[in-house]
Structure formats: C-alpha cells, structure tokens
There are 2 protein chains.
Amino acid sequence: MLARVSSPTFKRLPRAVREQQMLDAAVKVFSRRGFHAASMDEIADDAGISKPMVYAYLGTKEELFVACLHREGTRLMEAIAGAAAPDLPADERLWRGLRAFFGFVGAYRDGWAVLYRQARGERPFAAEVATMRGRLIEVVAGMLDHALRAKGREVRAIDLEVVAYALVGASESLADWLADHPEADPEKTATRMMNVAWLGADRLLRGVTWHPPTD
Amino acid sequence: MLARVSSPTFKRLPRAVREQQMLDAAVKVFSRRGFHAASMDEIADDAGISKPMVYAYLGTKEELFVACLHREGTRLMEAIAGAAAPDLPADERLWRGLRAFFGFVGAYRDGWAVLYRQARGERPFAAEVATMRGRLIEVVAGMLDHALRAKGREVRAIDLEVVAYALVGASESLADWLADHPEADPEKTATRMMNVAWLGADRLLRGVTWHPPTD
DNA sequence: GCGTAACCTTACGCACGGGTAGGTATGCTC
DNA sequence: GAGCATACCTACCCGTGCGTAAGGTTACGC
C-alpha cells in the first residue's frame with residue numbers, strides 16, 4: 001500500500017526454509033549485538049521477513065535463542081564426535097577431536113562467539129551450555145581414563161574430571177583467541193593446543209606428579 | 001508521612017562509606033540476577049538507600065557495573081601480584097600465583113561468578129575484562145619466557161602467548177568448577193592445576209614437542 | 001537558633017522493544 | 001474456479017525499568 005510498489009523478489013517459501021533463514025539471521029544478529037541488545041525487529045528484518053512470522057515459527061526471543069544454541073551446539077558436537085572415532089588410540093582421538101573443534105570455531109566464528117561466549121553468562125541459558133560442556137568433559141575424561149587403563153594405571157575419578165576441565169577450558173580459551181585473530185590458522189592452533197594438552201597429560205599418565213612445597 | 005514512623009537506625013553516612021555499601025549491594029545483586037535482570041531499584045534497596053543516591057554517586061547502570069568490575073578485578077590482580085613476587089623462581093611464582101587465584105575465587109565466589117563469567121559475554125564490558133585478562137596472560141607469558149631463558153632455550157613469542165592463553169583458560173575453567181562446588185578446597189584445586197600446568201609447560205621447556213601425524 | 005549545604009526521598013517521564021490482533025495475498029486441492 | 005489452508009503483513013498495545021525533577025530532612029558553622 002505505501003511503498004512496496006510491487007513485490008519483485010517476494011517468494012512464499014515453505015516453513016522449513018524460512019525457519020533456517022530466520023535462524024541464520026538470528027545467529028548473525030545475536031552475535032553482533034548480544035542477546036539483549038538484539039531486537040526481534042532487526043532479526044526479522046535481516047531474515048527478510050516480518051516480526052510476527054518469527055513468533056509464529058520460532059516462538060519468543062528466549063526460545064529463539066535456545067533454538068540457535070541448539071542448532072550450533074549440535075553441529076559442533078557432531079563435528080567433534082564424527083572426527084574422534086572411539087576405536088582409535090587416545091592421542092589420535094584427542095588430536096582429531098581438537099582439529100575438528102578448532103576447525104569448527106574457525107569456520108563459524110559468529111556461531112561460536114554468540115552461542116557460546118554469550119550464553120555462558122546469560123542467566124537462563126547457562127544451564128543449557130553447561131549441559132553440552134558437561135558432555136564434552138565426560139568424553140575427554142573418558143579418553144584419559146581409557147588411555148590410563150591401557151597403560152595399567154588407575155587414577156581417581158575426580159582427578160580425571162579436573163584434568164578434563166582444565167583441557168576443555170584451555171581449548172575454549174584458545175578458541176576465543178582464534179575467534180579474535182581472523183588471520184590465524186585453525187590447524188596450527190589445534191597443534192599448539194595438542195602440545196600443551198597431550199604432553200601434560202602424558203606426563204600425568206606416567207605417574208609423574210607435582211607436590212606443593214612445604215612453606 | 002506514610003509509613004516510616006520514625007527513622008530508627010537511619011544514619012547519614014559520608015560518601016566513601018555509602019559508595020562501598022552500594023558496590024557491595026551491586027555485586028550481590030548483579031551476581032544473583034545477572035546484569036540485565038538486575039534492577040537499579042533492587043540494588044538501591046539492598047544497599048539500604050534510594051535510587052537517586054546511586055545515580056548521584058556511581059552514575060548509570062553501566063558505569064556502576066564497570067565500577068564493580070574494577071573493584072573486584074583490582075582486588076584479584078593485587079592478590080595475585082602480591083603472592084607471586086618477581087624475584088622467585090618461575091615454578092614457585094606459578095604456584096603462588098595459582099594459590100592466590102584460587103584462594104580469591106574460593107573466598108569471593110559471588111564476585112568471581114558475576115563480575116567475570118557475566119562480563120565476558122556482555123557486549124559493553126567484554127573489552128574491560130579482556131584488558132585485565134590480557135595483563136594476566138602477559139604476566140604468565142613473561143614467567144614462561146623467564147624460565148626458558150634461564151635454561152638457555154628460546155621460543156617464539158607467539159608460542160609463548162598461546163601457551164599462556166591455554167594456562168589461563170584452564171585456570172578459569174577450574175575456577176568455574178570451584179565456584180560450582182562449594183565444598184571443594186581451593187588449595188587442592190590449585191595443586192591440581194599446578195600439576196596440569198607445570199608438568200606440561202616443563203616438558204615444553206625441555207624442547208619436547210608433539211607433531212601432527214601425516215594422514 | 002538560623003542558614004546552608006550535603007544527604008536523601010517520593011514520584012514521575014518516557015523510550016524502547018517484546019509480543020499480538022486482525023486483516024490480506026497466494027498457492028493447492030478437487 | 002470455489003474453497004481452504006497457510007504464508008505473510010501493518011499497526012498497535014503495554015509492561016518494564018532507566019534516569020530525573022523537585023522537594024524534605026539532618027548536621028554543622030556561626
């Protein structure tokens with residue numbers, strides 16, 4: 001009626017397609033602005049659609065964010081799980097997993113920054129992320145345990161958990177570094193992480209430990 | 001007039017004191033609710049003061065949050081710097097620094113969770129945190145460099161930086177773990193971290209490296 | 001005792017943005 | 001080509017909460 005003289009490239013699209021467009025737009029905008037600063041209007045606009053459609057398809061703002069989180073999180077977990085086949089030796093699995101992880105972060109820098117760095121702080125989503133993270137940590141801990149048993153050693157579960165926490169934390173930190181250095185090479189970053197992680201873990205596996213000085 | 005029959009424990013206090021009370025309240029509320037969900041009214045209420053006073057003393061909501069960030073961040077950095085005197089050997093410095101760090105996190109779980117986990121994601125504050133974090137990473141990298149030179153080895157600056165990133169990330173991850181496990185012992189957590197960090201770093205210092213398999 | 005300055009209050013303006021009501025166009029089925 | 005479902009729009013409501021204007025109240029100097 002006002003503008004919209006005619007609809008030149010205005011196609012009616014099936015729901016599934018629109019939903020993906022919306023999610024793409026949402027990830028982009030959430031990533032650029034952050035959850036709160038992002039407005040549903042901007043997301044709708046960026047998807048080339050109007051706001052009520054977003055509500056009709058993906059629900060409220062929170063639900064939309066969770067949907068983004070889920071899509072990207074699943075992609076990440078699948079990328080890692082697909083790379084680190086369980087029948088490989090532990091160091092090989094670790095290496096492939098790390099390479100997949102950094103490859104993913106390098107490729108979807110937006111997805112990572114928004115859906116992870118963001119979500120960890122934001123109250124209603126922290127739990128969601130914590131769950132995924134927990135699964136990852138379990139996998140890493142399982143890898144370590146496997147490697148240990150293969151060498152005939154045994155370590156208390158809590159120690160395994162802590163080492164896994166540290167490895168995952170270190171990887172996240174390097175992922176942030178990667179996201180902030182667009183020119184950096186994911187493969188090389190993975191190699192560096194592998195150096196830090198495996199050499200440290202390997203020593204642990206041999207039973208070498210450090211003790212606090214008595215001061 | 002309405003209620004407030006009389007002001008029983010209603011003291012006029014000097015500015016400096018009130019400011020600290022406000023900051024205490026702000027940290028508490030920001031920590032409980034998160035930055036956006038926290039309302040200036042609740043903070044004022046919790047500080048036993050009315051809202052305009054907060055604006056008069058600490059400025060807008062963002063400025064208030066930054067003020068919290070600054071106070072807690074400075075406390076943390078001082079705790080670490082005070083513990084890790086620069087004239088000690090590198091492993092001793094690392095150990096003392098870690099112990100101070102985890103001790104701080106254990107003691108001020110609120111301050112840590114809010115002012116750090118929160119701030120890293122929230123758009124306008126990420127830079128602030130990144131700066132502090134950057135200083136910490138530099139310190140750690142400096143420690144590693146020092147230790148290396150003492151052994152007559154030399155490593156490229158970027159490798160140092162990456163290792164420092166990894167160590168800091170691992171420590172943050174364990175700090176989160178500590179914040180989520182109220183019964184855990186900070187000292188013990190520091191020891192575990194030291195095991196992961198130093199043993200890995202130590203091997204790096206000896207020039208042992210890991211190379212990706214040619215697949 | 002009285003002014004004045006700092007402390008502190010109640011009460012409100014106002015913008016912003018999430019969410020919705022109600023109506024229009026388009027394609028599919030028979 | 002009638003009828004129906006579904007994609008899609010414009011325009012609006014309204015809660016929430018930041019930030020402020022204007023006015024009490026307490027302490028302290030003289």
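Reckoned from all heavy atoms, side chains included, excluding hydrogens, waters and symmetry mates. Every chain is numbered from 1 and lettered A, B, ... according to where its sequence line falls, protein lines coming before strand lines.
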S.K.: May I have the distance from His36(B) (atom NE2) to dC16(C) (atom C1'), rounded to whole angstrom?
M.R.: 14 Å
S.K.: Just to be sure I understand the rule, does Ser39(A) reach a base, reach only the sugar-phosphate, or reach nothing, if contact means heavy atoms closer than 4.0 Å?
M.R.: sugar-phosphate
S.K.: Classify the ring geometry between Phe101(A) and Trp112(A) as parallel (under 30°), tilted (30 to 60°) or perpendicular (over 60°).
M.R.: perpendicular
S.K.: Select one nucleotide: of dT10(C), dC8(D), dG19(C), the one nearest the side-chain heavy atoms of Lys61(A).
M.R.: dG19(C)
S.K.: Could you tell me how far apart Arg18(B) (CZ) and dC7(C) (C1') are, to the nearest whole angstrom?
M.R.: 9 Å
S.K.: From CE of Met53(B) over to C1' of dT10(C), roughly how many Å is that when rounded to an integer?
M.R.: 14 Å
S.K.: How long is the line joining CD of Glu42(B) and C1' of dT16(D), in whole Å?
M.R.: 14 Å
S.K.: With the side chain of Ile49(A) defined as its heavy atoms from C-beta on, choose the nearest nucleotide among dC8(D), dG19(D), dG18(C).
M.R.: dC8(D)
S.K.: I'd like to check Val162(B) versus Leu174(A) (side-chain heavy atoms, cut-off strictly below 4.5 Å). Are they in contact?
M.R.: yes
S.K.: Would you call Glu42(A) and Arg32(A) a salt bridge, using N to O less than 4.0 angstrom?
M.R.: yes
S.K.: Grab the OH-P distance between Tyr55(A) and dC12(D) for me, whole Å please.
M.R.: 18 Å
S.K.: Output the rounded distance in Å from CG (Leu58(A)) to P (dG18(C)).
M.R.: 15 Å
S.K.: Roughly, in whole Å, what's the span from CG in Asp41(A) to C1' in dT20(C)?
M.R.: 13 Å
S.K.: When the distance from NZ of Lys51(B) to C1' of dC7(C) is rounded to whole Å, what number comes out?
M.R.: 18 Å
S.K.: Base, sugar-phosphate alone, or nothing: which one does Ala37(A) contact when heavy atoms must sit under 4.0 Å apart?
M.R.: nothing
S.K.: So Pro52(A), base contact, sugar-phosphate only, or nothing? Heavy-atom distance under 4.0 Å.
M.R.: base
S.K.: Are the side chains of Arg192(B) and Met194(B) in contact, using a 4.5 Å heavy-atom criterion?
M.R.: no
S.K.: Taking the basic N atoms (NZ, or NE/NH1/NH2) and the acidic carboxylate oxygens, is any pair closer than 4.0 Å for Arg135(A) and Glu138(A)?
M.R.: no
S.K.: At 4.0 Å (heavy atoms only), tell me whether Met40(B) reaches a base, stays on the sugar-phosphate, or touches nothing.
M.R.: sugar-phosphate
